[in-house]
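What follows is a short report on a single structure.
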Amino acid sequence: METKEILSALNVDAVNPGGYARGWLTVTGGPELASLNPASGEVIAKVRQADAAAYERVTATAQQAFLTWRMVPAPKRGEMVRELGNELRANKEALGALVSLEMGKILSEGLGEVQEMIDMCDFAVGLSRQLYGLTIASERPRHRMYEQWHPIGPVGVITAFNFPVAVWAWNAALAAVCGDTVIWKPSSETPLTALAVQHICNRVMAKFGCDGAFNLVIGSGREVGQRLVDDKRVPLISFTGSCAQGRKVSESVAARFGHSILELGGNNAIVVMDDANLDLALRGILFAAVGTAGQRCTTLRRLIVQKGAYERLVGRLVKGYRSVPIGDPLKPGTLMGPLVNEAAVQDMMAALEKVREQGGEILTGGKKISGPGNFVEPTIVKAHEGLAIAEDETFAPILYIYEIETLEEALAIHNAVPQGLSSAIFTTNLLSAERFLSHEGSDCGIANVNIGTSGAEIGGAFGGEKETGGGREAGSDAWKAYMRRQTCTINWSQDLPLAQGVKFDVS
Ligand code: NAD
C-alpha cells in the first residue's frame, strides 16, 4: 500500500486531534507533534497534542463512563471486544502497514502486531465468561466463603514506541472485559497508529453504545504521562517502557497507593550448548537479535556459547549478519528496518564506543549506514565477563557473545544482569534443559528451550522479573491485575461463631 492510501484508509491524513473522549477534542491548545518516517526522516502527518484541559476532559469522561460500563454483564462486554477484533481483522492490512511506516519494523512484523491484537480480542472474549472466583471452605458451620472480582476503575495505559498497538491491546482487551475503561497515552514516536486504533474503537463503541470505554490522550511523557501517573482517579497504571522511566512511574504510583503493572526493559540471553542443533540455534538467534532492528523488549542481547560450538556458530552468525537485507521496512524482502530516531542511532554509537573502551571486540557491523533514515549495521561484539556496557539495555542491534565451558558458568553470566525478561537455551540434553528451567536456572519471567527469546504467544502471561518490573500482561491469569478482589463470608446459621475460636460474649 502507498503512504497516502494507508493514511486515508485509517483517517489519519490531516493534522489530527490528539485527544478522544466522547468525541475528538478538536481544540486542545497543545503544541503540534510531527510523526516522522524513520526510514526517510520525512514527516508523515501531524498531531495536535492534548493540553491540561484536554487531559481533564478525557479523564473525567473515562471516570464517568466506568460507572456505566462496570454494570454491563461481562459476557456483553465481551461482545463489544469481539466486534473490536472483527474491525481489526477488516483493517489489518492498512494498520499493519502504518505500524511499519511510523515505527520502522518490517511489514510482516507490522501485520503480526495487528494479528496479536486480534488474538488478544479473541482471548478476552472467552475470558469474559470466565472471570472466576474461588469458593473456600469456611471453618465456621453454615458459613460460606468465596472470592469475587470487581472492575477496578479507569486504567491508564502508557505504551512504548516499539509495540505501538499490540501492547495497548494486551491491556485494553482485558480491561474492557473486566469492566474497566481505558485512558491510553501512546509514545510520542507513534501517535498515528494510536489515532488509527482510536478511530476503529470509535466505530465499535458507537455500535455498542459504550462511548467512553476507550479514550486517548496524546502528549509527552513528562507532561501528559506524568499527569496520568499522578492522577488519583486512575487506580491502575500499566506502564511499558524503559527501566529508568518505569522506576519513576512506579514510585509516583506507589506514593498515592495506586496499583501498577510494569513492563520494562530486558537484557535477554540465549545459552547454546555443544550438543545443540546449531541450524535451529542460528535461525532462532538471527530472528531474536536482528528482528525489529534489535528494538524488542525481548531482543536477544547476549549469546552464551559453550566452547565446542563456539567457532562453528560464531562463524556462521557473522556471515548471516553480513547478509541481512536492510532497508525500507515496507519493501518485500527487507528483514531489518531503521532504528526509530536519530537519538537511538547515537545511543548505539555511544554504547559501541564504551565497548571499545572496555576491551570488547567488534566482530562485524558497528556503523551507521550513510544516507537518509536511521539505518545501522547489526553488530556482534566478542564480550568477556565484566564488560560493563553489556549489563545495559541498549535499544539497538548489538549482540554480545561470551564463550563458556560449563552450564554453571553460563547460568552465572546469564543471571548477572539487573533485568530479567526473556531467556532461552538450545540443547538436546534433557538434563541441561531441565536445569535451565529449574529454580537454580534462568531467573527470567520467560524461559524457552530450543526457541529464541522473542516472539511470545499471547496465551501465556508476559513479563519479567528484577528491573523488568514484575508485571504480567496478556494471557493466563494476567486479567486479575485489572480487577479488585473481594473476599466475602456469608453466615446462614442462627449463631455468630468467631474465627479462630475467639469468644466475645456480652451477656
Ligand atoms: P520510554 O521509557 O522512553 O517511554 C515509554 C512511555 O513512557 C512513552 O509513552 C513515554 O512518553 C512515557 N513516559 C516517559 N516519561 C514518563 C513519565 N515521567 N511519566 C509517564 N510516562 C512517561 O521507552 P521507549 O523508548 O518508548 O520504549 C523502549 C523501552 O520499552 C525499552 O526499554 C523496552 O525494553 C521497553 N519495553 C518493554 C516491554 C515489556 O513488555 N517488558 C515491551 C515493550 C517495550
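On a predicted model such as this, the values are computed, not experimentally measured, just so you know. Just follow the structure's listing: the first ligand is 1, and inside any ligand the first atom is 1. One-based numbering along the sequence shown.
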Which of the atoms in ligand 1, numbered in the order shown and given with their element, are less than 4.0 Å from a heavy-atom of [X]?
| X | result |
| --- | --- |
| S187 | 9 (O) |
| F462 | 39 (C), 40 (O) |
| N162 | 43 (C), 44 (C) |
| V229 | 20 (C) |

Are the charged groups of [X] and [Y] less than 4.0 angstrom apart, N to O?
| X | Y | result |
| --- | --- | --- |
| K466 | D443 | yes |
| D122 | R89 | yes |
| E391 | R302 | no |

Can you tell me which residue and heavy atom of the protein come closest to [atom], and the distance to 0.1 Å?
| atom | result |
| --- | --- |
| atom 18 (N) of ligand 1 | Q226 OE1, 2.9 Å |
| atom 24 (P) of ligand 1 | F161 CD2, 3.7 Å |
| atom 35 (C) of ligand 1 | G241 O, 3.3 Å |
| atom 20 (C) of ligand 1 | G225 C, 3.3 Å |
| atom 17 (C) of ligand 1 | G221 O, 3.4 Å |
| atom 28 (C) of ligand 1 | F395 CE2, 3.7 Å |
| atom 41 (N) of ligand 1 | L264 O, 2.8 Å |
| atom 10 (C) of ligand 1 | K185 NZ, 4.0 Å |

Check your understanding: Do any N or O atoms from the side chain of E467 and from the backbone of G420 form a donor-acceptor pair under 3.5 angstrom?
Key ->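 Looks like no, no N/O pair under 3.5 Å.
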Name the option, out of [options], that contains the heavy atom nearest to [atom].
| atom | options | result |
| --- | --- | --- |
| atom 39 (C) of ligand 1 | E263, E189, K248 | E263 |
| atom 23 (O) of ligand 1 | S220, C297, S242 | S242 |
| atom 5 (C) of ligand 1 | I158, T240, L421 | T240 |

Where on [X] is there a heavy atom closer than 4.0 Å to ligand 1, on the side chain, on the backbone, on both, or on neither?
| X | answer |
| --- | --- |
| T159 | backbone |
| E393 | side chain |
| V167 | neither |
| F239 | side chain |
| Q245 | side chain |
| P186 | backbone |

Can you confirm whether [X] is buried at [atom1], in the sense that more than 12 heavy atoms of other residues, nucleotides or ligands lie under 6.0 Å from that atom?
| X | atom1 | value |
| --- | --- | --- |
| H259 | NE2 | no |
| K480 | NZ | yes |
| E357 | CD | yes |

Check your understanding: Checking side-chain hydrogen bond (donor to acceptor under 3.5 Å, both in side chains) against W170, which of E116, E473, E263 comes through?
Key ->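 For W170, the side-chain hydrogen bond (donor to acceptor under 3.5 Å, both in side chains) check succeeds only for E116.
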Review point. Is a side-chain donor-acceptor pair under 3.5 Å present for S422 with T453?
Key: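 T453 vs S422: no donor-acceptor pair found between side chains.
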Check your understanding: Looking just at side-chain N and O atoms, do T190 and E102 make a donor-acceptor pair shorter than 3.5 Å?
Key ->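 T190 vs E102: no donor-acceptor pair found between side chains.
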Point to revise | Aromatic F163 / basic K105 pairing, under 6.0 angstrom, 45° off normal | key: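 Flagged: K105 positioned over aromatic ring of F163.
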Point to revise | Side chain proximity check, V197 to W184, heavy atoms < 4.5 angstrom | key: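 Answer yes - side chains close enough.
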Review point. Does a side-chain heavy-atom distance below 4.5 Å link L195 with I218?
Key: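 They are in contact (side-chain heavy atoms under 4.5 Å apart), so the answer is yes.
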